[in-house]
There are 2 protein chains.
Amino acid sequence: MQTLNQISLAETLKARRERLSQLIDLPVILWSGRSSARNFPANTYPFRASSHFLYFAGSPLENAAIRLEQGKLTLFMDDASPASALWHGESPARTAIAHQIGADAAYPLAQLQTKVEDCATVLVQDPGTHEWQTQVLNRAIAIAPEAKGIDLALIHAIATLRMSHDVAAIAELRQAVAVSIAAHQAGMAATCTAKTEADVKAAIEQVILANNMTTAYTSIITVHGEVLHNHHYHHELQARDLLLVDAGAETASGWAADITRTWAVSGRFSPTQRAIYEVVLLAHDLCIATMKPGIEYEAIHLTAARVIAEGLVDLGILRGNPTDLVEMDAHALFFPHGIGHLLGLDVHDMEDFGDLAGYAEGRTRSDRFGLGYLRLNRPLQAGMLVTIEPGFYQVPAILNDRDRREKYGDVVNWERLAEFSDVRGIRIEDDVLITATGTEVLTVALPTNIEAIEQLISGN
Amino acid sequence: MQTLNQISLAETLKARRERLSQLIDLPVILWSGRSSARNFPANTYPFRASSHFLYFAGSPLENAAIRLEQGKLTLFMDDASPASALWHGESPARTAIAHQIGADAAYPLAQLQTKVEDCATVLVQDPGTHEWQTQVLNRAIAIAPEAKGIDLALIHAIATLRMSHDVAAIAELRQAVAVSIAAHQAGMAATCTAKTEADVKAAIEQVILANNMTTAYTSIITVHGEVLHNHHYHHELQARDLLLVDAGAETASGWAADITRTWAVSGRFSPTQRAIYEVVLLAHDLCIATMKPGIEYEAIHLTAARVIAEGLVDLGILRGNPTDLVEMDAHALFFPHGIGHLLGLDVHDMEDFGDLAGYAEGRTRSDRFGLGYLRLNRPLQAGMLVTIEPGFYQVPAILNDRDRREKYGDVVNWERLAEFSDVRGIRIEDDVLITATGTEVLTVALPTNIEAIEQLISGN
């Protein structure tokens, strides 16, 4: 397989925009965006360029725009001011950057206004740039679900392209994965001396920082795995806790990894923790084993739901026939989210397109409790990278909900469930690339089986 | 001295708003702000509440507002939705938060509109909240330099309050300082095995993360100290390099530290590095020694300029009389920034007020090369926390500038300067609290002298 070193950035970008021009016969302008102020204007959050810009420009240029038309690339950006050299050092000139990314022409931003007629675009996240887009194009730019006309055509074309990763993208994704695996390993190794969740977070993110990458999303590192998006790190680690770690790195050009592992703080899973973990792991393994081009992602989700329902019946937590339990969404009492999502330049790739990327045309979200949170509903295709992340959680907001207690009162053995009180949340998440014939699990080097994880924690 | 544990948050906040009401007889509404989207709406930057809100509300509540009037506090925020409990866990209710911060009343956000008549406010950084402020108050909210009327009166009152830190603030600042010192020590200890700037950054920020704090600003960790705001970390460390590290932690409620140290990668300063370092350190020490209430901060800046000019004359780099050299701004060829700034909830405290906080009424920025970058120009007063950060840099954009080469051609011995090519940038920065009689250097536990730094690097 070719690696990124063997193909030039300029060639990659050229191929991407040529594929774009095969999909739509429209001029396109994409903006990179600008930094967002944190507590005062000069103290900004680290700049993150728009993913659509990154896909076609390859470089996180701040305050820039590109025009794409019939395979040609035009770069718009201003050279740094002389004063900027004092504070920020010498910056590469527009012409140098244009050469590096293979642009056919390059102009100052002031020229943008004259080259935007009939251009389609995508809304950028930062409101300042959004306003600028509106001014330059002299029309409203809608968020994706409401996009119409040429902008909607562009969204569909970009979604088609970004859905299937090229060699350069996969090389970047592998780098993000490699660093994320090392980060998780460091987190496991740090657990035996860590006092708080924050200590483990620090060990994990140190690896990401040392590799000059950033986190692709706010890390979840918690002994309260039942809080699905838990962004607090103050809890002390107790020997009987499970620690759920969902953390991934992002390369300098924006490509993300997304990995979750759950491990025992003590280094030894209790029998109840082990029993539930094995159910989640079986769901994880069976999902991946059934994936290949043409298989529906929703079917993978339902496979996980069924395996979890079966496992919970076997453990005496659920009562009834697993197929019936899934049909009545009883699995979702404990596995309330989707089996995963697209992964690429965004950790939920192209989520700014709403469901226009994640859902095949004509499909919409289910209103079923057990399906409504599914972020991807398409047949799998080669080049797609998706996460597979089954889980088990005891979410008080679900399990104590009066309507649900009534609806599912008979199918849950609440007394038996109480014996699993040391299992608040487990998730196992890998990044799975769909190949021509099946899958390649990019994150396979980070073990999922209990014995190997226990060894990584104890350092043996 | 009282510590934060001995005084309750509610009492501190009450005292602050009572002092505010003594300064202005106006109702005030302050917004906390909302998260900014990174690459898609659900993937946000970590939320940072407005510093003015934090000062009076004490807690980083997202999407909240407070009303202050005659010492009374009213909280406006919505309770979390039931769906939020699934993803984010149970949140404290509005009433519980109101009790914790000592609010006299608490309402949902929908009530805000009815309680804003004649209220002054301060512009919040995120554009979405700014728009909301404008709608609720039904008038434009100007950025600080253009603020007028009641908003300007509020800015002056807040600046007066936040200029002089109370006991609770100082306790928080000490926590930020303690963690920042430990972070720098970790960075020094990591240097001997680090291969890149990013490795040192990771060691430093690991300490900040493990203490469940954030960086107060984007860390500068660079072998190219001559780039004043260098936010790249990819350079390999070479034995002859100096590493300039400007990094500080911020507590959960927003209080910041700001420390710079410069050390030799090899653990041993070269004779040229040592010579310049000693000049910068002398400037640093003499500035601090002359500080006390009533002294003009600009005079401190000029003290640093004179000491640096003298030192460079002694080293044969500058020619002439030091006083004359400072008057012609020759020091600024090598020390082009100000001696420091206010420090508090912001690393450049209240910089969102433009110079309304930093400059005494009636004073404006100088257009002199050697004074124009000074961020603070007021007499010192007890309770003020300022940085003292003299430096020496060889900035190509300055030293190669044709006009400056011409103007300063005779006062610089360029051949002698060439012998100091291994000194690209040195800065030594401490956080200095003005007391009733002099100063307390909050950062004093982190040594500035070469011998102690060399020991920290070598681990002896």
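Here the structure is a predicted model, which means the values were calculated and not measured. All chains are named by letter (A, B, ...) in the order of the sequence lines, taking the proteins before the strands, and each is independently numbered beginning at 1.
In terms of non-hydrogen atom pairs under 4.5 Å with chain A, the most contact-rich of B/L345, B/L228, B/V347 is B/L228. For chain A, the option among B/I208, B/V227, B/I204 with the highest count of heavy-atom pairs below 4.5 Å is B/V227. Ranked by heavy-atom pairs under 4.5 Å with chain B, the first of A/K201, A/H229, A/H232 is A/H229. Ranked by heavy-atom pairs shorter than 4.5 Å toward chain A, the options B/E250, B/E226, B/E131, B/H234 are led by B/E250. When the candidates A/D352, A/N212, A/T44, A/D401 are compared by the number of heavy-atom contacts under 4.5 Å with chain B, A/N212 comes out ahead.
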Show me the donor-acceptor pairs within less than 3.5 Å that the side chains of residues 83-91 of chain B make with the rest of the protein, sequence neighbours left out.
none

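With a threshold of 4.5 angstrom between heavy atoms, A/S50 does not approach chain B through any atom at all. A/Y393 does not touch chain B: none of its heavy atoms, backbone or side chain, sits under 4.5 Å away. The contact between A/T215 and chain B is made entirely by backbone atoms, counting heavy-atom distances below 4.5 Å. When heavy atoms are compared at a cutoff of 4.5 Å, A/P41 approaches chain B by way of both its backbone and its side chain. With a 4.5 angstrom heavy-atom cutoff, B/F47 touches chain A only via backbone atoms.
With values rounded to the nearest 0.5 angstrom, A/L376 atom CG is found 4.5 Å from A/L342 atom CG. Interatomic distance, A/F56 CZ to A/R162 CZ, rounded to the nearest 0.5 Å: 8.5 Å. Taking CZ of A/F53 as the reference point, atom OG of A/S59 lies at 7.0 Å (rounded to 0.5 Å).
No salt bridge links A/D126 with A/R48; every basic N to acidic carboxylate O contact stays at or beyond 4.0 Å. A salt bridge links B/E351 with B/R375: at least one charged nitrogen is closer than 4.0 Å to a carboxylate oxygen.
Partners of A/Q206 according to the side chain to side chain contact (heavy atoms under 4.5 Å, CB included) rule, which considers only residues two or more places apart in sequence or in another chain, are B/A202, B/A203, B/Q206. With sequence neighbours left out, the side chain to side chain donor-acceptor pair (under 3.5 Å) criterion links B/D329 to B/R368.
Residues of residues 191-200 of chain A lying under 4.5 angstrom from chain B, judged on non-hydrogen atoms, are A/T196, A/A198, A/D199 by number.
Residues A/E389 and A/H341 have side chains that bring a donor and an acceptor to within less than 3.5 angstrom of each other.
For B/Y217 and B/H348, the gap between ring centers reaches or exceeds 6.0 Å.
What you find for B/A357 and B/M350 is that their closest heavy atoms are CB-CB, 3.7 Å.
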